[in-house]
Trainee: 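Mind looking over this structure? Questions follow.
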2 protein chains.
Amino acid sequence: MFSKSCEYGIRAAVYIASEAHEGHKVGIAEICRHIEAPRHFTAKILQTLSRRNIISSQKGINGGFYLDDSQKKKSIKEIVEAIDGNGLFTGCGLGLKRCSETKPCPIHKQFKEIRRKLTEMMEGKDIGTLAIQLKKGRVVLM
Amino acid sequence: MFSKSCEYGIRAAVYIASEAHEGHKVGIAEICRHIEAPRHFTAKILQTLSRRNIISSQKGINGGFYLDDSQKKKSIKEIVEAIDGNGLFTGCGLGLKRCSETKPCPIHKQFKEIRRKLTEMMEGKDIGTLAIQLKKGRVVLM
DNA sequence: TACATAAAAGATAAAAATGTCTTTTTATCC
DNA sequence: GGATAAAAAGACATTTTTATCTTTTATGTA
């Protein structure tokens with residue numbers, strides 16, 4: 001369903017939100033240890049999320065990644081869109097260029113409904129809430 | 001959502017079912033013209049579907065692809081499984097190796113629900129019915 | 001200022017997905 | 001049996017995704 005990049009991106013963002021804040025940042029090595037993701041590849045993904053203002057980063061001593069309060073309110077849909085674009089939420093299920101309401105593909109209607117639910121689910125999950133569940137031990141990242 | 005292989009596979013199967021039967025088979029060139037798909041790549045996909053008994057093929061003069069009655073009853077879920085396996089219907093949404101009910105990933109519950117609906121939708125769509133809708137002009141493949 | 005640290009950026013590389021071309025096999029017709 | 005047509009199979013090429021390694025830039029601290 002999601003690309004590896006999105007999987008790592010979401011897992012990393014939730015881990016960072018659960019462990020870091022303005023005054024205490026976490027480094028890429030620690031992040032990748034806790035989410036079982038490849039270090040350099042994940043670093044690139046976090047660069048993207050940082051550029052898109054979904055997470056924050058700081059270079060130098062005591063630097064690392066963290067999320068501020070407004071970033072913790074962002075949904076995982078925003079992560080997916082930042083990394084892979086909105087194709088998952090908009091394109092035709094069978095890849096037709098000219099699929100539309102009047103000339104629909106064979107799975108148009110039902111696929112649209114599923115996509116709506118997927119979008120809803122992704123929009124309803126904000127990073128901060130997932131991070132809290134992680135700290136409580138209700139969910140895991142590996 | 002689906003791979004290109006699955007998109008082409010589903011489109012091709014529906015087209016074949018709509019135009020061919022035991023006594024009148026359609027060739028790969030005609031198929032690809034009508035679904036706007038790359039010829040040789042699609043040919044490979046159809047080989048797979050044929051081996052998996054989802055479509056039928058015949059070599060030689062007047063040969064080509066077709067579906068028998070039992071094959072027309074197969075669902076598009078079977079096409080996806082034949083081509084890409086069942087990862088889309090079973091794996092963890094965030095790619096965790098050890099995601100489970102007791103140790104779930106942060107989107108486990110909702111993702112499971114979406115996957116259930118997707119599975120249901122795919123199981124409910126049989127190739128023959130979609131082919132009929134195509135013949136009636138209610139749906140398109142390009 | 002010099003040094004240490006950590007992310008950012010750039011260069012490569014490996015693997016997988018997608019796409020194309022050629023040859024082989026098989027079935028049918030004459 | 002020979003010619004022909006069409007899928008099957010194999011080889012190769014391209015693109016995208018995933019992954020790794022190295023160099024650069026920014027930042028805090030002594």
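Just so we're on the same page: letters track the sequence lines, and every chain starts at 1. Bear in mind that the values here come from a model prediction, so they are computed numbers and not experimental data. We use all heavy atoms of the structure for the numbers below, so side chains are in, but hydrogens, waters and symmetry mates are not.
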Trainee: Which whole-number value in Å describes the distance from A/E22 CD to D/dG28 P?
Mentor: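 Checked: the CD to P distance equals 11 Å.
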Trainee: Give a yes/no on whether any side-chain N or O of A/S50 is located under 4.0 angstrom from OP1 or OP2 of C/dA8.
Mentor: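 It does, given that an N or O in the side chain of A/S50 lies less than 4.0 Å from OP1 or OP2 of C/dA8.
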Trainee: Between the side-chain atoms of B/Q58 and the base atoms of D/dA7, is any donor-acceptor pair under 3.5 Å?
Mentor: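 No pair found.
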Trainee: May I ask you to verify if any side-chain N or O of B/Y8 is less than 4.0 angstrom from the OP1 or OP2 atom of C/dT18?
Mentor: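 Answer is no, no contact under 4.0 Å.
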Trainee: Check the distance between D/dT18's C1' and A/F2's CZ and give it to me in whole angstrom.
Mentor: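 Taking CZ of A/F2 and C1' of D/dT18, I get 18 Å after rounding.
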Trainee: For the side chain of A/I61, starting at C-beta, report the closest nucleotide among D/dA19, C/dG19, D/dG28.
Mentor: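 Nearest nucleotide to the side chain: D/dG28.
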Trainee: OP1 or OP2 of D/dA8 versus the side-chain N and O atoms of B/S57: is any pair under 4.0 Å?
Mentor: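 Answer is yes, contact under 4.0 Å.
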Trainee: If only side-chain N and O atoms of B/S5 are considered, is one of them under 4.0 Å from the OP1 or OP2 phosphate oxygen of C/dT18?
Mentor: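 So the side-chain polar atoms of B/S5 do come within 4.0 Å of the phosphate oxygens OP1 or OP2 of C/dT18, strictly under.
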Trainee: Salt-bridged, B/K112 to B/E101, with N to O below 4.0 Å?
Mentor: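 Looking at B/E101 together with B/K112, the answer is yes, because their closest N to O distance falls below 4.0 Å.
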Trainee: Mind checking whether B/R11 and A/L96 have side chains closer than 4.5 Å, heavy atoms only?
Mentor: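 Yes. Closest side-chain heavy atoms under 4.5 Å.
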Trainee: Nearest to the side chain of A/N62, heavy atoms from C-beta on, is which of D/dG28, D/dT18, C/dA8?
Mentor: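 Nucleotide nearest to A/N62's side chain: D/dG28.
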Trainee: When you measure from the side chain of B/K44, which nucleotide among D/dA11, D/dT18, D/dA8 comes out closest?
Mentor: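 Looking only at heavy atoms from C-beta outward on B/K44, the closest nucleotide is D/dA11.
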Trainee: Can you tell me the distance, in whole Å, between the CG atom of A/N53 and the C1' atom of C/dA8?
Mentor: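 Roughly 17 Å, once rounded to whole Å.
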Trainee: In whole angstrom, give the distance that lies between atom CD of A/Q47 and atom P of D/dT23.
Mentor: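 So the CD-P distance, A/Q47 to D/dT23, works out to 17 Å.
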Trainee: Atom CG of A/L49 to atom C1' of C/dA7: distance rounded to whole Å?
Mentor: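 My rounded result for the distance is 14 Å.
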Trainee: Return the 5'-most residue of the pair A/R51, A/G63 with respect to DNA chain C, ranking by each residue's nearest nucleotide.
Mentor: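 So the residue in question is A/G63.
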Trainee: Give A/L46 one of three labels, base, sugar-phosphate or nothing, depending on what nucleic acid heavy atoms sit under 4.0 Å from its own.
Mentor: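 Since no nucleic acid heavy atom lies under 4.0 Å of A/L46, the category is nothing.
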Trainee: To the nearest Å, give me how far apart NE2 (A/H40) and P (C/dA7) are.
Mentor: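 Whole-Å distance recorded here is 12 Å.
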Trainee: Check for me, please, whether A/M142 and A/F41 land in the same ILVMFWY cluster - side-chain distances under 4.5 Å, paths through other members count.
Mentor: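 Looking at the clustering, A/F41 is in a separate group from A/M142.
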Trainee: Nearest-Å distance, NZ (A/K25) to P (D/dT27)?
Mentor: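 The distance from NZ of A/K25 to P of D/dT27 comes to 11 Å, rounded to the nearest Å.
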Trainee: State which of D/dG28, D/dT18, D/dT20 makes the closest approach to the side chain of A/K4.
Mentor: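 My answer, after comparing the listed nucleotides, is D/dT18.
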Trainee: Starting at CD1 of B/I45 and ending at P of C/dT20, how long is that distance when rounded to a whole Å?
Mentor: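 After rounding, the reported distance stands at 12 Å.
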Trainee: Test for a donor-acceptor pair under 3.5 Å between the base of D/dG28 and the side chain of A/K59, counting only N and O atoms.
Mentor: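 For A/K59, whose side chain was compared with the base of D/dG28, there is no donor-acceptor pair (under 3.5 Å).
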Trainee: Both A/F41 and B/R39 contact DNA chain D. Which one's nearest nucleotide lies toward the 5' end?
Mentor: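 Looking at DNA chain D, the more 5' nearest nucleotide goes with B/R39.
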Trainee: Looking at every non-hydrogen atom in both residues, tell me the closest pair between A/C99 and A/C105 and how far apart they are.
Mentor: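 Distance-wise, the nearest heavy atoms are SG-N, 3.3 Å.
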Trainee: Between A/K117 and A/E120, does any side-chain N to carboxylate O distance fall below 4.0 Å?
Mentor: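 Answer for the salt bridge query: no.
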Trainee: Is a salt bridge present between A/E30 and A/R33, judged by a nitrogen-to-oxygen distance below 4.0 Å?
Mentor: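 Salt bridge between A/E30 and A/R33, a charged N being under 4.0 Å from a carboxylate O: no.
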